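A quick write-up on the structure given underneath.
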Amino acid sequence: MKKTGFILLAAMFAQAASAHITLDQAKAPAGSYQKLTFKVGHGCDGSATHTLKVILPETVSGAKPMPKAGWKIDTLIENLSTPYTSHGKTISRDVREVSWTGGPLPDAYYDEFSIQVKLPDTAGKLAFKVLQLCEKGRLDWVEVPAEGQSGKSLKTPAPVLELVNQPEAEHHH
C-alpha cells in the first residue's frame, strides 16, 4: 500500500512538473546555433492542442522550424529594427513567429516542437512567448519572471533559456 501511494504521489508530481510548456534545454552558449525544443505536456482544460505559436525575441535570428508529420508550419517574417549580417549579406527581415497547426495533440499525450536558431552574442536570460490553442480554449505562456524570480511562481510562464558565455557553457558539459 505504501509503495502504491508513493507511485501515485510521484506520478502527480511528474504531471505537475510537466504542466507548463518548457524548453528541453535550460542553458545554451551565447552566439551559438541551437536547436530549441519546446515540450508540450498537456492541452487546455482537457482538450486537445491544435496550434502552437512560438514568438521569437528580436535578438534571435535565422529561425528554421522542424517539420512534424500531421502539422502545417507557418512563419511570420517581419522587418527588423536592427538589421544584421549573415554570411556576408545584410538581413533586414527575419522570422519572428513560428506556428504549427494540425495534430491534434490530445491532452493525454506529450509532444515536442523544434526550431533551429542563431542565439544572440550576449549572455543573459531569453524568454520565448508561446501561444497554445486548443479545441476548447487557449493558454498564453507569456509571463516573464522578474529578475531573481522563479518561473515556477507564475501561472503561465514563458519558457526561458539562459545564455551563457562560451567558456562557462563548455565548463558545464
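All of these numbers come straight from a predicted model, not from anything done at the bench.
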Membership question, hydrophobic clusters at under 4.5 Å side-chain separation (ILVMFWY): are Val54 and Ile77 in the same one? yes

Close side-chain approach of Leu36 and Leu23, heavy atoms under 4.5 Å: yes

Considering non-hydrogen atoms only, spot the tightest contact between Gly43 and Leu139 and give its length. O-CD1, 3.8 Å

Minimum heavy-atom distance between Thr90 and Pro83, given as atom pair plus value: CG2-CB, 3.9 Å

Contact between Cys134 and Lys136 at the side-chain level, heavy atoms closer than 4.5 Å - yes or no? no

Any idea which heavy atoms bring Asp107 and Ser47 closest together, and the distance? CB-O, 4.0 Å

Check Pro145 against Val160 and note the closest heavy-atom contact, atom names and distance. CD-CG2, 4.2 Å

Once rounded to the nearest 0.5 Å, what's the spacing between atom CG of Leu80 and atom CD1 of Ile91? 8.5 Å

Non-hydrogen side-chain atoms of Thr51 and Arg138 separated by less than 4.5 Å: no

Measure the shortest side-chain to side-chain distance between Val60 and Pro120 over non-hydrogen atoms and say whether it is less than 4.5 angstrom. yes

Please round to the nearest 0.5 Å and tell me the distance separating atom CD of Glu58 and atom CG of Leu126. 11.5 Å

Check side-chain contact (heavy atoms from CB on, under 4.5 Å) between Asp24 and all other residues, then give those that pass, not counting sequence neighbours. Thr37, Lys39

Please confirm whether the backbone N or O of Pro57 pairs with a side-chain atom of Arg96, one donor and one acceptor, at under 3.5 Å? yes

Just by modelled atom types, is the Glu112 backbone N or O under 3.5 Å from a matching donor or acceptor in the Lys68 side chain? yes

Working to the nearest 0.5 Å, report the span between CD1 of Ile21 and OG1 of Thr49. 7.0 Å

Please report the interatomic distance CD(Glu78) to OG1(Thr75), rounded to the nearest 0.5 Å. 11.0 Å

Just grab all the ring-ring contact (aromatic ring centres under 6.0 Å, His included) pairs involving residues 94-137, residues at least two apart or on different chains. Phe38-Phe128, Trp71-Phe113, Trp100-Phe113

Using a 3.5 Å distance criterion without hydrogens, assess whether the side chain of Glu143 forms a donor-acceptor pair with backbone atoms of Lys155. yes

Beyond-backbone contact of Leu76 with Val95, side-chain heavy atoms, under 4.5 angstrom: no

Any side-chain heavy-atom pair of Val142 and Leu131 under 4.5 Å: yes

Once you round to the nearest 0.5 Å, how far does NE2 of His20 lie from NE2 of His42? 7.5 Å

In terms of heavy-atom contacts, does NZ of Lys118 have more than 12 from other residues, nucleotides or ligands at under 6.0 Å? yes

To the nearest 0.5 Å, atom CG of Leu163 lies from atom OG1 of Thr122 at 8.5 Å

Which is it for Val98 and Lys64 under the side-chain contact (heavy atoms from CB on, under 4.5 Å) test, yes or no, and what are the steps along the way? CA-CA 9 Å; Val98 176; Lys64 292 184 179 186; over 6 Å; no

Salt-bridged, Lys53 to Glu97, with N to O below 4.0 Å? yes

Residue pair Pro29 / Leu119, side-chain heavy-atom distance below 4.5 Å: no

Show the nearest heavy-atom pair for residues Gln132 and Cys44, with the distance to one decimal. O-SG, 3.9 Å

Over 12 non-hydrogen atoms of neighbours within 6.0 angstrom of CG in Asn79: yes

For the residue pair Ile73 and Pro67, establish whether any side-chain heavy-atom pair is separated by less than 4.5 Å. yes

